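All chains are named by letter (A, B, ...) in the order of the sequence lines, taking the proteins before the strands, and each is independently numbered beginning at 1. Model, not experiment: these values are computed from the prediction.
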Amino acid sequence: MDDTKEYLSGLNESQLEAVTHVEGPLLILAGAGTGKTRVLTSRIINIVDNAHAFPSQILAVTFTNKAASEMRQRVEKYLGDVMGSMNIGTFHSIAAKILRKHAELLGYKSDYTIINQDDQIRLIKQIVKDFGFDEKDVPAKLLLYYINRFKDRAILPENVASNDIGHFANNKIKQLYHEYQDRLKNFNAMDFGDLLLNNITLFNTHLDICLLYQNKFKYMLVDEYQDTNIAQYMWLRILSQNNNNICCVGDDDQSIYAWRGAEISNILRFDKDYKDAKVIRLERNYRSTQHILNIASKLIANNTMRHFKELWTERTDGDMVKVVNYYDDKEEARAIADEIDMLERMKKCSLSDIAVLVRAGYQTRNFEESLNFLGIPYRIIGSTKFYDRTEVKDGVAYIRLLINHDDNLAFERIINVPKRGVGPSTLQNIIQLSKENGISYFAATKMLVQQKKSKSKAMDSLADFINHIETSNHQLKHTEHRKVVEELMEKTSYLEMYRKEDKEDAKDRFGNIKELVRSLEEYESLNDFLQYITLVNDADNVAEDNRVNIMTMHAAKGLEFDTVFLPGWEEGVFPSSKSIEEDRENGLEEERRLAYVAITRAKRNLTISYACYRRVYGDFQASEISRFINELPKNAYQLINNYFNNTYKQNNNHPVIKINKARSIEHAKFGVGEKVEHVTFGKGVVLSADGNVRQVFFEKTGVKKIMVEFLKIV
DNA sequence: CGGAACCGGGTTTTT
DNA sequence: CCCGGTTCCG
């Protein structure tokens with residue numbers, strides 16, 4: 001092997017071995033920060049470079065689009081455009097692509113829609129109702145959970161026993177699941193689980209197609225193997241059967257998705273599944289300092305179900321890991337914001353190199369407030385997904401109905417948005433009619449309108465609605481799709497609704513719809529668009545601008561930051577009480593792995609903290625230090641006790657001001673958000689400006705009005 | 001049918 | 001505390 005090649009240079013011994021072991025099954029146990037993406041991409045390049053296969057014969061699977069596009073980019077740097085033909089993507093997007101080609105064989109049309117959780121719930125609620133169950137006895141969310149779990153394990157309705165879930169839903173689980181699948185098929189729709197499930201069915205029932213793909217994918221690479229579920233496992237097994245060239249990369253210590261069906265056993269028994277599998281461990285860490293790795297290893301050592309491995313590094317520089325306690329959750333957030341402010345001012349690190357990682361979404365609020373207060377720009381990753389906003393979902397529903405009139409879920413969502421006088425009773429009539437005649441809601445509405453029994457307002461607006469959708473659909477043949485949608489949103493008065501409303505967020509919503517419409521021009525067709533958006537989330541745009549990153553620990557997987565804050569390490573919050581209640585030992589170990597993931601995101605600075613009191617559900621509760629902190633040896637970190645440091649405690653009523661973008665503009669002249677100092681009052685922050693008078697919030701004494709002359713910028 | 005006023009229940013993590 | 005769902009009234 002010629003290791004003068006650029007893509008091989010700089011690899012350590014095990015990395016090089018992993019890259020150049022071309023034939024046969026290979027498992028790479030890659031600890032956090034050990035350069036696995038580098039190995040994966042070099043491996044692909046090596047295969048192509050040595051003519052083992054054409055790019056189109058390589059399949060590389062990841063879990064997130066972000067990971068996929070990063071891998072694609074890195075490979076393209078070496079191999080250039082040829083990579084267009086390579087199959088790099090998420091399990092779901094690759095499975096979806098395959099199904100577009102063969103949907104007919106399974107009784108779907110190739111333009112099937114992919115539905116999200118929202119639609120799943122909507123559909124399940126209907127079914128539960130139609131079965132005559134009370135929503136309280138058979139909660140839609142729980143039923144959804146069970147159905148998803150079946151799909152994760154590649155279990156079809158016919159293979160479910162009626163008492164598989166104990167006595168849930170009067171032993172009707174099988175029928176409920178069956179009905180759910182039937183209705184989806186009627187809508188020509190699939191949920192996430194179906195994408196994999198239908199692939200497996202396709203391969204099992206059509207040998208020719210199975211062979212086609214087995215031959216096509218000569219080399220397979222799988223990232224984050226510890227997160228695969230049984231369906232994904234089977235899919236990989238089937239595809240790799242012929243060539244046996246499958247390379248899986250993973251880290252059992254980073255398995256944090258058991259709750260959505262991931263089977264850690266997949267990675268633990270890889271060498272039994274694949275005969276003569278080679279196993280290579282990557283243990284040299286290039287990311288973090290020894291202090292940080294030490295904390296991570298000590299913590300994860302408390303888990304019993306794991307392959308032992310020990311990460312090491314040559315980076316012996318850096319500060320100790322800090323463990324800090326605070327009076328309450330607000331103070332914790334304020335102090336961290338202060339610290340971030342200081343780091344930036346001292347030019348110790350730029351904002352985009354800083355991350356605050358929390359256990360659950362609700363915890364981000366305090367940090368938004370405190371960062372706003374100091375005028376520090378931040379971004380929250382994962383929370384407000386563009387496609388999760390009500391108005392965007394409405395817009396998408398219009399598009400769905402526009403190209404597929406049978407999409408009952410979309411129909412139900414928007415039939416009365418904006419309000420057009422179609423209430424529950426009218427909707428009930430439509431549903432009734434649709435059932436009687438075995439037709440879609442849309443067709444039933446058409447029928448209802450044509451019967452014209454009553455000349456009510458509802459009938460008129462329904463007629464208009466039907467008309468608009470149908471004419472728009474015809475227009476698609478000769479008019480640009482973006483134009484058609486734009487017009488439809490006008491005709492149906494959807495845009496008008498937000499134009500009229502004079503709430504603050506109506507403007508945002510209006511803008512979002514406009515942006516949605518605009519983005520359509522980036523797609524060949526509306527079908528392309530729909531296919532894309534369901535499979536993509538916004539973690540892709542971990543943008544480059546200079547902001548603090550706030551996100552959940554789950555969302556942080558695969559990322560790294562110079563400085564990381566891990567707040568809220570309290571019993572019940574982290575480890576989360578839910579996860580322990582659910583599944584005592586397994587739950588706790590998964591929480592510990594999550595902690596391991598979170599810790600190993602940090603390159604240089606790591607601060608873990610907890611609050612002695614926390615607002616929960618609106619009241620104030622004492623909290624207990626997380627067991628995870630207690631599991632760390634005392635000499636492995638520096639303890640900072642801030643509980644009795646009263647600066648924040650006394651001034652619990654900070655006014656909250658929104659000045660997120662103001663910082664750079666007003667910075668120079670004691671602008672809002674500026675940190676200032678006064679000879680007697682000490683440090684403070686400018687709240688508002690009026691002429692040469694500033695209203696300043698001082699940490700020690702609260703709000704005061706001061707002339708600019710007496711202030712100095714800190 | 002739509003809006004306002006009220007009540008009760010829930011906060012884990014997501015392709 | 002925030003939301004979604006329900007109820008009651010015009």
Novice: Between P on B:dT14 and CG on A:Asp227, what's the gap in Å once rounded to a whole number?
Specialist: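 It is 13 Å, rounded to the nearest whole Å.
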
Novice: Output all residues satisfying side-chain contact (heavy atoms from CB on, under 4.5 Å) with A:Ala60, sequence neighbours left out; order by chain, then residue number.
Specialist: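 A:Ala60 satisfies side-chain contact (heavy atoms from CB on, under 4.5 Å) with A:Ile44, A:Met71, A:Met86, A:Ile88, A:Leu221 once adjacent residues are dropped.
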
Novice: For nucleotides 1-9 of chain B, print each protein N/O atom paired with a nucleotide N/O atom at under 3.5 Å, atom names and distance only.
Specialist:
{"unit_1": "B:dC1", "atom_1": "OP1", "unit_2": "A:Gly423", "atom_2": "N", "d": "2.8"}
{"unit_1": "B:dC1", "atom_1": "OP1", "unit_2": "A:Ser425", "atom_2": "OG", "d": "3.4"}
{"unit_1": "B:dC1", "atom_1": "OP1", "unit_2": "A:Thr426", "atom_2": "OG1", "d": "2.6"}
{"unit_1": "B:dC1", "atom_1": "OP2", "unit_2": "A:Ser425", "atom_2": "N", "d": "3.4"}
{"unit_1": "B:dC1", "atom_1": "OP2", "unit_2": "A:Ser425", "atom_2": "OG", "d": "2.9"}
{"unit_1": "B:dG2", "atom_1": "OP1", "unit_2": "A:Gly421", "atom_2": "N", "d": "2.9"}
{"unit_1": "B:dG2", "atom_1": "OP2", "unit_2": "A:Asn416", "atom_2": "ND2", "d": "3.2"}
{"unit_1": "B:dG3", "atom_1": "OP2", "unit_2": "A:Lys419", "atom_2": "NZ", "d": "3.4"}

Novice: Apply side-chain hydrogen bond (donor to acceptor under 3.5 Å, both in side chains) to A:Tyr610 and list each qualifying residue two or more places apart in sequence or on a separate chain.
Specialist: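 A:Tyr610 satisfies side-chain hydrogen bond (donor to acceptor under 3.5 Å, both in side chains) with A:Asn325 only.
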
Novice: Among all residues two or more places apart in sequence or in another chain, which pass the side-chain hydrogen bond (donor to acceptor under 3.5 Å, both in side chains) test with A:Asn199?
Specialist: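 Per chain and number, A:Asn199 pairs via side-chain hydrogen bond (donor to acceptor under 3.5 Å, both in side chains) with A:Trp235.
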
Novice: Checking A:Glu631 now: which residues fulfil side-chain contact (heavy atoms from CB on, under 4.5 Å) with it, not counting sequence neighbours?
Specialist: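 side-chain contact (heavy atoms from CB on, under 4.5 Å) list for A:Glu631, sorted by chain: A:Leu299, A:Asn302, A:Arg592, A:Arg627, A:Phe628.
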
Novice: Using the test salt bridge (Lys or Arg N to Asp or Glu O under 4.0 Å), find all partners of A:Glu522 that sit at least two apart in sequence or belong to another chain.
Specialist: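 Partners of A:Glu522 under the salt bridge (Lys or Arg N to Asp or Glu O under 4.0 Å) test: A:Arg518.
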
Novice: Could you work out, with salt bridge (Lys or Arg N to Asp or Glu O under 4.0 Å) as the rule, every residue matching A:Glu70, not counting sequence neighbours?
Specialist: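 Partners of A:Glu70 by the salt bridge (Lys or Arg N to Asp or Glu O under 4.0 Å) criterion, ordered by chain and then number, come out as A:Arg74.
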
Novice: For C:dG5 and B:dT12, measure between their C1' atoms and round to the nearest Å.
Specialist: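 Taking atom C1' in both C:dG5 and B:dT12, they lie 23 Å apart.
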
Novice: Reading nucleotides 1-10 of chain C from the 5' end, what letters show protein touch, with B for base, S for backbone sugar-phosphate only, - for no heavy atom under 4.0 Å?
Specialist: B---S-----

Novice: Go through the structure and list residues passing side-chain hydrogen bond (donor to acceptor under 3.5 Å, both in side chains) with A:Thr228, not counting sequence neighbours.
Specialist: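 For A:Thr228, the residues satisfying side-chain hydrogen bond (donor to acceptor under 3.5 Å, both in side chains) (neighbours in sequence not counted) are A:Asn266.
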
Novice: Please convert DNA chain B into dot-bracket. A pair counts if it is Watson-Crick or G-U wobble with both distances under 3.5 Å; crossing pairs go in [ ] and bases paired with another strand get |.
Specialist: ||||||||||.....

Novice: Going by side-chain contact (heavy atoms from CB on, under 4.5 Å), name the residues that satisfy it together with A:Ser576, two or more places apart in sequence or in a different chain.
Specialist: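 Per chain and number, A:Ser576 pairs via side-chain contact (heavy atoms from CB on, under 4.5 Å) with A:Arg359, A:Lys578, A:Ser579, A:Glu591.
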
Novice: Can the ring centroids of A:Tyr213 and A:His102 be said to lie less than 6.0 angstrom from one another?
Specialist: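 Yes - the distance between ring centres of A:Tyr213 and A:His102 falls below the 6.0 Å cut-off.
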
Novice: Can you name the residues that form a side-chain hydrogen bond (donor to acceptor under 3.5 Å, both in side chains) with A:Gln363, not counting sequence neighbours?
Specialist: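 Checked A:Gln363 against side-chain hydrogen bond (donor to acceptor under 3.5 Å, both in side chains); zero matches.
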
